[in-house]
Amino acid sequence: MYLEKLSLTDFRSYAQVDLSLEPGVTVLVGSNGIGKTNLMEAIGYLATLNSHRVSTDAPLLRFGTERAMIRAKVVRGEQATVLELEINASRANRGRINRSNPVRARDLLGICQTVLFAPEDLALVKGDPSNRRRFLDELLVSLMPRHAATRSDYDRVLKQRNALLKSGRTGKFTAGHEATLDVWDQHMARAGAELLHARLELVDRLQPHLKNAYAQLTDGSKEASAVYRSTLQDILDDDGAAARSVAGTGTEPGAESPAEDLRLLSVEQLTERYIQAFAAARRRELERGISLVGPHRDELELVLGSAPAKGYASHGETWSMCLSLRLASYYVMLDDARTGGSPPILILDDVFAELDVQRRRKLAAIVSGAEQVLVTAAVEDDIPAELTGRRVKVIPGGIDEQGDR
Ligand SMILES: Nc1ncnc2c1ncn2[C@@H]1O[C@H](COP(=O)(O)OP(=O)(O)OP(=O)(O)O)[C@@H](O)[C@H]1O
Ligand SMILES: [Mg+2]
């Protein structure tokens with residue numbers, strides 16, 4: 001797919017800006033602070049309803065305004081779709097598809113698909129686990145928009161369950177609370193199982209692409225992989241070990257039964273396992289006043305060779321891992337495109353300046369064949385020659401059409 005038009009109103013630094021874009025490579029060059037990332041952020045937001053820079057909407061609204069608009073024309077094969085997204089300071093965001101009646105913002109998900117590379121991606125490796133969970137969930141929603149509801153159901157139940165556990169901690173926990181907690185356990189087990197099931201499947205799909213992308217970007221001396229560490233697995237393993245030791249079999253070497261592979265379980269089976277795990281964790285959860293088991297505490301561990309990337313990888317390796325994760329998402333989406341979808345738009349915001357010459361060239365060679373690639377740079381020399389295509393200058397307020405070549 002590709003974006004043919006982008007128009008922003010009161011978004012970040014722009015009162016109004018209108019851009020025409022084309023398939024193929026477009027490199028946007030302009031000085032620091034001119035508004036290049038703001039443009040890319042708007043496209044990413046339209047695709048995911050998240051900014052890659054901030055976690056709330058407020059900074060997206062131009063100073064002093066209450067409402068921002070992102071409008072875009074997305075072309076997918078023969079079909080063009082006009083998307084409009086209204087970001088509001090004091091009420092729910094809304095969308096429109098082909099000038100229809102307003103719909104929930106969430107209904108726009110999946111129509112414009114992007115893979116965005118940015119310097120902030122370093123947090124995928126170096127940051128806390130929430131960065132990696134967000135990476136998985138965002139990709140999940142892009143591929144299967146119905147999982148936006150899975151996520152928000154889970155978040156809602158988690159919040160309510162935590163509030164209840166917290167009240168238990170303050171000593172006001174009664175038998176009535178206990179019964180209510182049982183009900184929340186059921187809800188959270190179901191929503192958690194759906195999310196976990198989808199994430200595990202996604203990690204399996206990402207895995208081979210991550211390995212290949214890392215090999216392509218580097219000299220291939222180390223292998224990249226990702227392991228999903230579930231808090232459910234931990235507690236089931238602990239529980240299993242405890243049961244075995246009670247039975248007197250856990251102490252003999254080799255007597256332990258192998259850990260259950262969660263990837264082989266259905267949503268229903270995972271739901272049961274969660275209920276089991278919540279029961280095992282209840283006392284600890286009541287003591288701590290928070291939910292300790294569930295996808296909200298899981299980790300996607302990134303591994304380079306035999307060591308975790310976090311804390312061990314060099315700066316260059318960290319970058320290669322981040323790029324490989326984004327490339328892997330792109331390839332997973334491409335696999336989907338082969339079965340009826342459309343290749344996502346690639347956005348590379350400020351990444352070339354961060355890379356050495358070798359990696360620049362390799363990345364450029366990999367991405368240049370995508371249907372649409374939007375690249376930003378403050379210095380044109382940072383863009384490798386392999387990335388041929390349209391070069392445009394970003395000036396205050398938009399693109400300099402005169403300078404287009
Ligand atoms: N909500 C906002 N309202 C008005 N201006 C904003 C808002 N948010 C950011 N800006 C302005 O937008 C500018 C930053 O734009 P942007 O990050 O797109 O720059 P850039 O061209 O990507 O620069 P660099 O090359 O340094 O990455 C800053 O000058 C900032 O003050
Ligand atoms: Mg920028």
Side-chain angles (χ1 to χ4, degrees), residues 3 5-21 25-72 85-91 93 105 112 114-124 127 131 319 322-323 326 345-356 359-360 363-364 367 372-384 387 389-404:
L3 222 56
K5 281 204 173 83
L6 176 72
S7 148
L8 306 178
T9 308
D10 291 335
F11 184 91
R12 290 277 195 186
S13 54
Y14 294 105
Q16 180 65 40
V17 62
D18 300 277
L19 300 185
S20 298
L21 295 161
V25 177
T26 300
V27 180
L28 303 155
V29 185
S31 51
N32 294 133
I34 201 86
K36 304 180 294 297
T37 299
N38 293 346
L39 296 170
M40 300 302 113
E41 186 180 34
I43 303 172
Y45 192 92
L46 189 66
T48 62
L49 304 182
N50 280 319
S51 154
H52 68 285
R53 293 200 283 195
V54 288
S55 54
T56 60
D57 286 349
L60 307 180
L61 308 176
R62 192 165 67 90
F63 291 141
T65 61
E66 290 287 298
R67 191 186 79 155
M69 285 288 280
I70 305 173
R71 292 188 187 83
L85 183 61
E86 186 184 294
I87 307 170
N88 292 306
S90 48
R91 58 192 178 101
N93 298 342
C112 174
T114 60
V115 175
L116 195 153
F117 298 68
E120 285 77 4
D121 287 346
L122 282 181
L124 286 175
N131 291 284
W319 257 112
C322 299
L323 296 172
R326 294 295 177 199
I345 300 162
L346 284 183
I347 300 174
L348 288 84
D349 183 34
D350 276 338
V351 289
F352 286 106
E354 308 273 346
L355 307 176
D356 61 31
R359 247 173 290 239
R360 281 182 192 177
L363 181 63
V367 301
Q372 186 172 49
V373 191
L374 306 173
V375 183
T376 73
V379 181
E380 193 174 347
D381 290 349
D382 288 342
I383 304 296
L387 212 59
R390 188 177 171 214
R391 300 280 196 272
V392 296
K393 187 145 184 55
V394 182
I395 53 171
I399 280 180
D400 177 12
E401 303 281 348
Q402 309 298 316
D404 200 342

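Atoms within each ligand, like the ligands themselves, are counted from 1 in listed order.
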[X]: numbered ligand 1 atoms lying under 4.0 Å from its heavy atoms:
{"X": "G35", "value": "15 (O), 16 (P), 18 (O), 19 (O), 20 (P), 21 (O)"}
{"X": "S31", "value": "21 (O)"}
{"X": "P59", "value": "1 (N), 2 (C), 8 (N)"}

Please indicate whether any nitrogen or oxygen in [X] is less than 3.5 Å from any nitrogen or oxygen in ligand 1.
{"X": "D350", "answer": "yes"}
{"X": "L60", "answer": "no"}
{"X": "A378", "answer": "no"}
{"X": "A58", "answer": "no"}
{"X": "G30", "answer": "no"}

Ligand 1 contact by R53, heavy-atom criterion under 4.0 angstrom
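It does; at least one heavy atom falls under 4.0 Å.
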
Under 4.0 Å, counting heavy atoms only: does G64 come that close to any atom of ligand 1?
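No, G64 has no heavy atom closer than 4.0 Å to ligand 1.
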
Under a 4.0 Å heavy-atom limit, does M40 contact ligand 1 with its side chain, its backbone, both, or neither?
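No part of M40 is near ligand 1 at this cut-off.
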
Is the backbone of L3 close enough, under 3.5 Å, to the side chain of Q372 for a donor and an acceptor to pair up by distance?
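Side chain of Q372 to backbone of L3: a pair is present.
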
Measure from the side-chain N and O atoms of D400 to the backbone N and O of V394, and report whether any donor-acceptor pair falls under 3.5 Å.
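Between the backbone of V394 and the side chain of D400 there is no qualifying donor-acceptor contact (under 3.5 Å).
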
Side chain to side chain, S7 and L19, heavy atoms closer than 4.5 Å
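With C-beta onward as the side chain, the pair stays apart.
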
Rounded to the nearest 0.5 Å, what separates atom [atom1] in [X] from atom [atom2] in [Y]?
{"X": "L387", "Y": "F352", "atom1": "CG", "atom2": "CZ", "answer": "5.0 Å"}
{"X": "I399", "Y": "K393", "atom1": "CD1", "atom2": "NZ", "answer": "11.5 Å"}
{"X": "K36", "Y": "L374", "atom1": "NZ", "atom2": "CG", "answer": "14.0 Å"}

Just need the protein heavy atom nearest to [atom], so name the residue and atom and give the distance.
{"atom": "atom 29 (O) of ligand 1", "answer": "G33 O, 3.6 Å"}
{"atom": "atom 12 (O) of ligand 1", "answer": "N38 ND2, 3.1 Å"}
{"atom": "atom 22 (O) of ligand 1", "answer": "T37 OG1, 2.7 Å"}

Identify the two heavy atoms, one from C322 and one from D121, that lie closest to each other, and give their separation to 0.1 Å.
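Minimum heavy-atom contact is SG-O, 3.2 Å.
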
Report whether any nitrogen, oxygen or sulfur of N38 sits less than 2.8 Å from the Mg ion (ligand 2) (N, O or S, backbone or side chain).
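Checking N38: none of its N, O or S atoms is under 2.8 Å.
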
Tell me which N, O or S atom from D350 is the closest to the Mg ion (ligand 2).
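Nearest N/O/S atom: OD2.
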
Before accepting this row, confirm whether a basic side-chain N of the pair R360/D382 lies closer than 4.0 Å to the acidic partner's carboxylate O.
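Salt bridge between R360 and D382, a charged N being under 4.0 Å from a carboxylate O: yes.
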
So does R53 pair up with E120, basic N to acidic O under 4.0 Å?
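No, no charged N to carboxylate O under 4.0 Å.
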
Are there protein heavy-atom neighbours of atom 7 (C) of ligand 1 below 4.0 Å?
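Yes, there is a protein heavy atom closer to it than 4.0 Å.
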
The test is side chain to side chain contact (heavy atoms under 4.5 Å, CB included); show your working for R71 and T9 and say whether it passes.
CA-CA 8 Å; R71 292 188 187 83; T9 308; 3.4 Å; yes

